[in-house]
Amino acid sequence: MAKEEVKVLIIGSGPAGYTAAIYAARAGLKPVLYTGGQPGGQLTTTNDVENFPGYPNGINGSEMMIDLQKQAERFGTQVRYGLVTSVDFNCYPHKVVVDEKDEIHAESVIISTGATAKYLGLPSEDKYANRGVSACAVCDGYFYRGKAVAVVGAGDSAAEEATYLANLCTKVHLIVRRSEMRASKIMQKRVMNTANIEIHWDTETEEVLGDDNGVTGVRIVNNKTGEKKVLPLEGFFLAIGHKPNTDIFKEYIEMDETGYIKVQPGSTKTNVAGVFAVGDAADKVYRQAITAAGTGCMGALDAEKFLVAREMERALVNG
Ligand SMILES: Cc1cc2nc3c(=O)[nH]c(=O)nc-3n(C[C@H](O)[C@H](O)[C@H](O)COP(=O)(O)OP(=O)(O)OC[C@H]3O[C@@H](n4cnc5c(N)ncnc54)[C@H](O)[C@@H]3O)c2cc1C
């Protein structure tokens, strides 16, 4: 097993990880970044990013992430292809194992492993991904303005996404599996008081329908009566939750019940000294590239302060 010592180890290559890398590299901390199984992160699965500041004509998600990688490398970040398979945060420097073989001893660790949106698992969702199927209303809703869409889900996120889309779209079909919603009473009231949202209770999606141009409709089935219906629409939004990619840290890092890492308010500090969490792995509210990048910057600055404080302590002890 190869062993190596690094000052700043960044786990994940989305907007949060690369932004942390840019800041840490420019502070002279020689960060090492592991990309994980999805180099570039979630944005590599989308064609058009129109809401990241600085791109007046929008940008392809993969191109944007290649630019971020180049920017991080320009200042000396070592970007490596590899998956962190286990960690030990009980020792210091923190131990991080990559691909089950390489051992890194890191003075600080920035976790930027993101989150994964949940889908229903229908083959037609895959078929029309990026062509009408989306798991992010704030990201993609604008593309469906003046059109009919559907939202699947029954929690607060589904209620929020439905009301957000109702402002842009002619009609929002909210597909709810049960005969009630899990969303808070206030959010349910908002949904029910929005004229262009129609709720389909006890209803499941059988298939997303489409043609060469993308989604054209959805076939739904009432799970009590068996009645089937086709809703004509162009956007199909999933709002059934996300899973943060944080399982490997759960023995050491405090998380909420769904696996989002808890950070101290206004900072990226976790419960373990020298371990910071940024981006979607610690954010179940905003989940945007720009907020991920913002907290990535915070993570690098927090790590830098932590390392400086340790240096000063060491200097004091050594006289
Ligand atoms: C289809 C789609 C379209 C979107 N469109 C937009 C948009 O238009 N605008 C917008 O602002 N946001 C958009 N988003 C949301 C945006 O992509 C996320 O908010 C953002 O990517 C989160 O960044 P992140 O750096 O926290 O994590 P992610 O982008 O999720 O990246 C996580 C990284 O961690 C790595 N990783 C995970 N586990 C490990 C491990 N064990 N070891 C090493 N690495 C690991 C992964 O390989 C990946 O590189 C979209 C999301 C999706 C899915």
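Heavy-atom basis, side chains included; hydrogens, waters and symmetry copies ignored. Indexing begins at 1, ligand by ligand and atom by atom, following the structure's order.
Salt bridge annotation for Asp256-Lys284: present, with a cationic side-chain nitrogen under 4.0 angstrom from a carboxylate oxygen. We find that Lys224 and Asp202 are joined by a salt bridge, their nearest charged nitrogen and carboxylate oxygen being less than 4.0 Å apart. Between Lys147 and Glu234 there is a salt bridge, since a side-chain N of the basic residue sits under 4.0 Å from a carboxylate O of the acidic one.
Of the N or O atoms in Arg287, one or more lie within a sub-3.5 Å distance of an N or O in ligand 1. Polar contact with ligand 1: absent for Ala292 (N/O pair, distance under 3.5 Å). Residue Pro15 places at least one N or O, backbone or side chain, under 3.5 Å from an N or O of ligand 1. In terms of polar-atom proximity, Thr45 is not counted as a contact of ligand 1, lacking any N or O under 3.5 Å from an N or O of the ligand. By the 3.5 Å distance cut-off applied to N or O atoms, Ala16 is counted among the residues near ligand 1. Considering backbone and side-chain N/O atoms, Asn245 never comes within less than 3.5 Å of an N/O atom of ligand 1. Considering both main-chain and side-chain atoms, Ala289 comes within under 3.5 Å of ligand 1 through a nitrogen or oxygen pair. In terms of polar-atom proximity, Gln38 is counted as a contact of ligand 1, with an N or O under 3.5 Å from an N or O of the ligand.
Considering Gly82, Cys139, Gly36, Gly12 only, the shortest heavy-atom separation from atom 50 (C) of ligand 1 involves Cys139. For atom 40 (C) of ligand 1, the nearest non-hydrogen atom from the set Leu83, Thr116, Val96, Thr291 comes from Leu83. The residue from Gly114, Ala281, Gly41 that puts a heavy atom closest to atom 27 (O) of ligand 1 is Gly114.
Under 3.5 Å, the side chains of Tyr18 and Gln69 contain a donor-acceptor pair of N or O atoms. For the residue pair Asn223 and Glu204, a side-chain donor N or O sits within less than 3.5 Å of a side-chain acceptor on the partner. Side-chain contact annotation: Ser184 with Asp156, donor-acceptor N/O pair under 3.5 Å present.
Annotation: the span from Cys136 atom SG to Gln42 atom CD amounts to 8.5 Å, rounded to 0.5 Å.
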Worked verdict on Ser134 versus Asp140 for side chain to side chain donor-acceptor pair (under 3.5 Å): CA-CA 7 Å; Ser134 169; Asp140 296 331; 2.7 Å; yes
Working for side chain to side chain donor-acceptor pair (under 3.5 Å), residues Arg80 and Gln78: CA-CA 6 Å; Arg80 299 179 186 169; Gln78 274 193 49; 2.7 Å; yes
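When the options Met312, Arg310, Glu311 are evaluated for a side-chain contact (heavy atoms from CB on, under 4.5 Å) with Val308, the one that passes is Met312. A side-chain contact (heavy atoms from CB on, under 4.5 Å) with Ile110 is found for exactly one of Ile10, Leu33, Thr295, namely Ile10.
For ligand 1, the atoms lying closer than 4.0 Å to a non-hydrogen atom of Thr35 are 35 (C), 44 (N), 46 (C), 47 (O), 48 (C), 49 (O). Residue Ser13 approaches ligand 1 through these ligand atoms, each under 4.0 Å from one of its heavy atoms: 33 (C), 34 (O), 48 (C), 49 (O). Within ligand 1, the atoms closer than 4.0 Å to a non-hydrogen atom of Gly279 are 26 (O), numbered from 1 in the order shown.
Counting protein heavy atoms only, atom 26 (O) of ligand 1 is closest to Asp280 N, 2.8 Å. Ranking the protein heavy atoms by distance from atom 51 (C) of ligand 1 puts Gln42 OE1, 3.7 Å first. Looking only at heavy atoms of the protein, atom 10 (C) of ligand 1 is closest to Gln288 OE1, 3.3 Å.
Residue contacts with ligand 1 include Ser112, since one or more of its heavy atoms lies under 4.0 Å from the ligand. Ligand 1 lies out of reach of Ala135, whose nearest heavy atom is not under 4.0 Å from it.
Residue contacts with ligand 1 for Ala115 involve N, CA, C or O but no side-chain atom from C-beta outward (heavy atoms, distance under 4.0 Å).
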